[in-house]
Every structure is written in C-alpha cells, then in structure tokens.
Enquirer: 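Submitted below is the structure of interest, expressed as structure tokens.
In each ligand, atom 1 is the first atom listed, and ligand 1 is the first ligand listed.
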Amino acid sequence: MSRSASSRANRRGEPPPSPEPLPSPALDSHTHLDIVLGERPAGDEHGKWASDDDVDAEIAAAVAVNVTRLVQVGVDVPSSRWSAALAARHPNILAAVALHPNEAGDGKADGQWLDTALAEIDRLAAQPRVRAVGETGLDRYRTGPEGWPAQEASFRAHIDIAKRHGVALVIHDREAHKEILRVLDDEGAPEHTVFHCFSGDADFARACVERGFVLSFAGTLTFGNAGSLREAAALTPVGQLLVETDSPFLTPMPYRGRPNASRLVPLTVRALAEITQTELIPLCESLTATAERVFGTWEM
Ligand SMILES: [Zn+2]
C-alpha cells in the first residue's frame, strides 16, 4: 500500500497499535465497548453494536498492556442494559448506567418517556456489578435551551438514583461547569462523584477538588492546545485523579483522529505521570486504589 493509501486507511479504520504495557495495573474509568464507529443503519439509533468476540478481544488487549479494570458506560436504556450484562459476565468489567444528557434533553423526552426510562435505570442500578450512575449531567453544547429543563430534571433524578443505591455518580459536563456545581450543591452530591473527561480549567478543578470530587482525565490531556487542562491535572491531589479513554472517542496523541480503545490508556497515564511529577508505578497504584474506593472492587 502506498503511504497515502495507508494513512487514509488509518484515519478511517483500525485503532492504533498497543503502546508499551504499564509496569503496574491501571484502569479505564470510562469506556463504550458497545459502540462501533461508522455509519448508523437506518432506523437504528444506537448504530452498529460491537460483537461479543470483538469486545472480548478488546478487553484482552487492554489486559495485555496492564489495563485490567474497565468501567463500561451506558448512555441510554439499550446500552445501559448491555453494559450491565457485560459486567455480569466479565470479571474485568464494572458497569455504569444512565440516560446521557443529550438523550434526556433532545425533545422526545416528554415526562412519561423520561419516567419510564428512569425506572429502568433505577432497576439496573440495583445489579451487583453496576457500580455507578452515569453518564449524566448537563450538555449546553449539543442541547439547545429548549432541552435544558428536561436535561436538568433527568440529572437530578440520576443523582437521587445514585444516592439511593449507594453507587458513584459519573458526570458528563459539556460547557456547563457552573450549572453542574449549582445542581450538585443543591441536591447534595453522592459520596463518590466523578467528573468524566474533565474539561475545566484550574479554577474549576479547585472547586471540584474542595468538594471531594474525583477528576477523570481522558486523551484530551495529551492534545497540544490543552495547557489549561494540564494545569488543572497538576493541581489535583493524586488521590482524586482517575484516567479514562471515553473510547472510541478522544484518542490520545499521537493518534488523535483515529478510533480509541481501552488499551491506549497507557499513553494518557504516562502523560499524567509527567504532568503530576509522579513516578509511574505509584501513580498506577493510586489510580487503582481510587477506582476501587469509588466503584468498589472488581473481584477478578
Ligand atoms: Zn462517554
């Protein structure tokens, strides 16, 4: 294949090769193993689902680079059911279940639809390997003002579900930092609250740290223009840090633009070690301890 043909194939297709394994076990606090990038079949809102064989191979590839603990995250009722079922059958997986804020705020969420969907999330949250409610929160980028009241009502309901089941809350925050703190302060945050793909600056990181929240950093940390994000990570106590892929999205450098996978977490962990000036092994140990404090043990 010519060089241009191969780089074209890379952009569209295969996830990049696995990096060097980590010297101590670490984790991916937020992945979507069900989602296959590409065109969605007509009438299927989820798109193409990953096959069991592909999912098992992807988990094995993550374990091979010492990414041994994964949290599989649902974004609607079908993917939350799928996440709970995967966690029930796979020792390396715990699940998070929720309606994504864009799902809750997209207009079809009249009161009755939302109530029925939330009842199913509540039911799934009772399963023993479902250890978080999320991703929930507010998205003021993709949802317009007409969807904000439904989105906030859904967020408040998810906070209540997490507290009643004694599980962690996983927050999706897109251009809604202040609004999210307002709702969390008003409702009272669950004991363990994680900002997935933390996207704030140093001031917002301080506001989260002082409330005891956990900041999970994704591959965006490695992007050239992410100076303020690196500043936020640097001031966060190591015991309040987590790491994630949000795969198949947000692929770390040098592979930005290609599909992400949990086995690429070592790229972000190494960046985090440099930014926080922490040795790699103690950092991995701290990330694992934090994940087990927040989500409970994987019992592998
Ligand atoms: Zn996500």
Side-chain angles (χ1 to χ4, degrees), residues 15 27-38 40 45-50 55 58-59 62 67 69-84 86-87 93-106 117 121 124-125 130-143 151 154-155 158-159 162 167-177 180 192-200 213-223 229 241-252 256-265 268 291 294-295:
L27 64 127
D28 184 352
S29 82
H30 192 112
T31 184
H32 302 280
L33 288 159
D34 53 314
I35 299 178
V36 178
L37 294 178
R40 296 174 162 208
E45 285 191 44
H46 179 276
K48 191 165 169 266
W49 294 80
V55 168
E58 209 44 78
I59 296 167
V67 177
R69 292 168 174 83
L70 282 68
V71 181
Q72 160 64 29
V73 180
V75 296
D76 54 17
V77 167
S79 63
S80 292
R81 282 192 189 124
W82 189 97
S83 302
L86 179 65
I93 306 291
L94 294 177
V97 296
L99 312 173
H100 192 284
N102 291 324
E103 187 77 10
D106 78 350
I121 298 302
L124 290 168
V130 173
R131 304 286 181 77
V133 169
E135 52 188 285
T136 179
L138 303 174
D139 189 316
R140 299 271 153 107
Y141 175 77
R142 275 210 270 157
T143 294
Q151 199 174 67
S154 171
F155 182 30
H158 281 83
I159 295 171
V167 297
L169 184 73
V170 172
I171 304 248
H172 170 101
D173 162 19
R174 189 133 184 218
E175 299 188 4
H177 306 327
I180 284 180
H192 299 295
T193 296
V194 178
F195 275 72
H196 132 67
C197 188
F198 185 81
S199 60
F213 301 156
V214 170
L215 282 52
S216 182
F217 286 90
T220 43
L221 195 64
T222 68
F223 292 178
L229 202 55
L241 289 170
L242 279 177
V243 70
E244 66 173 74
T245 55
D246 200 22
S247 73
F249 313 106
L250 304 178
T251 313
R256 187 175 181 176
R258 288 172 65 178
N260 204 356
S262 292
R263 61 195 167 73
L264 299 180
V265 156
T268 305
V294 169
F295 300 112

Enquirer: Tell me, with the steps shown, if His32 and Asp246 meet side chain to side chain donor-acceptor pair (under 3.5 Å).
Expert: CA-CA 7 Å; His32 302 280; Asp246 200 22; 3.1 Å; yes
Enquirer: Partners of Arg81 by side chain to side chain contact (heavy atoms under 4.5 Å, CB included), sequence neighbours excluded?
Expert: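 Arg81 satisfies side chain to side chain contact (heavy atoms under 4.5 Å, CB included) with Val77, Glu120, Leu124 once adjacent residues are dropped.
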Enquirer: Give me the ring orientation class for His177 and Phe198: parallel if the planes are under 30° apart, tilted from 30 to 60°, perpendicular past 60°.
Expert: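 If you compare the ring of His177 with that of Phe198, the planes turn out parallel.
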Enquirer: Check the pair Val265 / Val243 against side-chain contact (heavy atoms from CB on, under 4.5 Å), numbers first and verdict last.
Expert: CA-CA 7 Å; Val265 156; Val243 70; 4.1 Å; yes
Enquirer: I need the single residue from Leu138, Thr143, Ile180, Asp139 that forms a side-chain contact (heavy atoms from CB on, under 4.5 Å) with Arg174. Which is it?
Expert: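 Single pass found, and it is Asp139.
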Enquirer: Taking the inter-plane angle between the rings of His30 and His196 on a 0 to 90° scale, is it parallel (under 30°), tilted (30 to 60°) or perpendicular (over 60°)?
Expert: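 The arrangement is parallel - the two ring planes meet at less than 30°.
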Enquirer: Measuring from the Zn ion (ligand 1), count protein N/O/S atoms under 2.8 Å, please.
Expert: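 Total protein N/O/S atoms under 2.8 Å from the Zn ion (ligand 1): 4.
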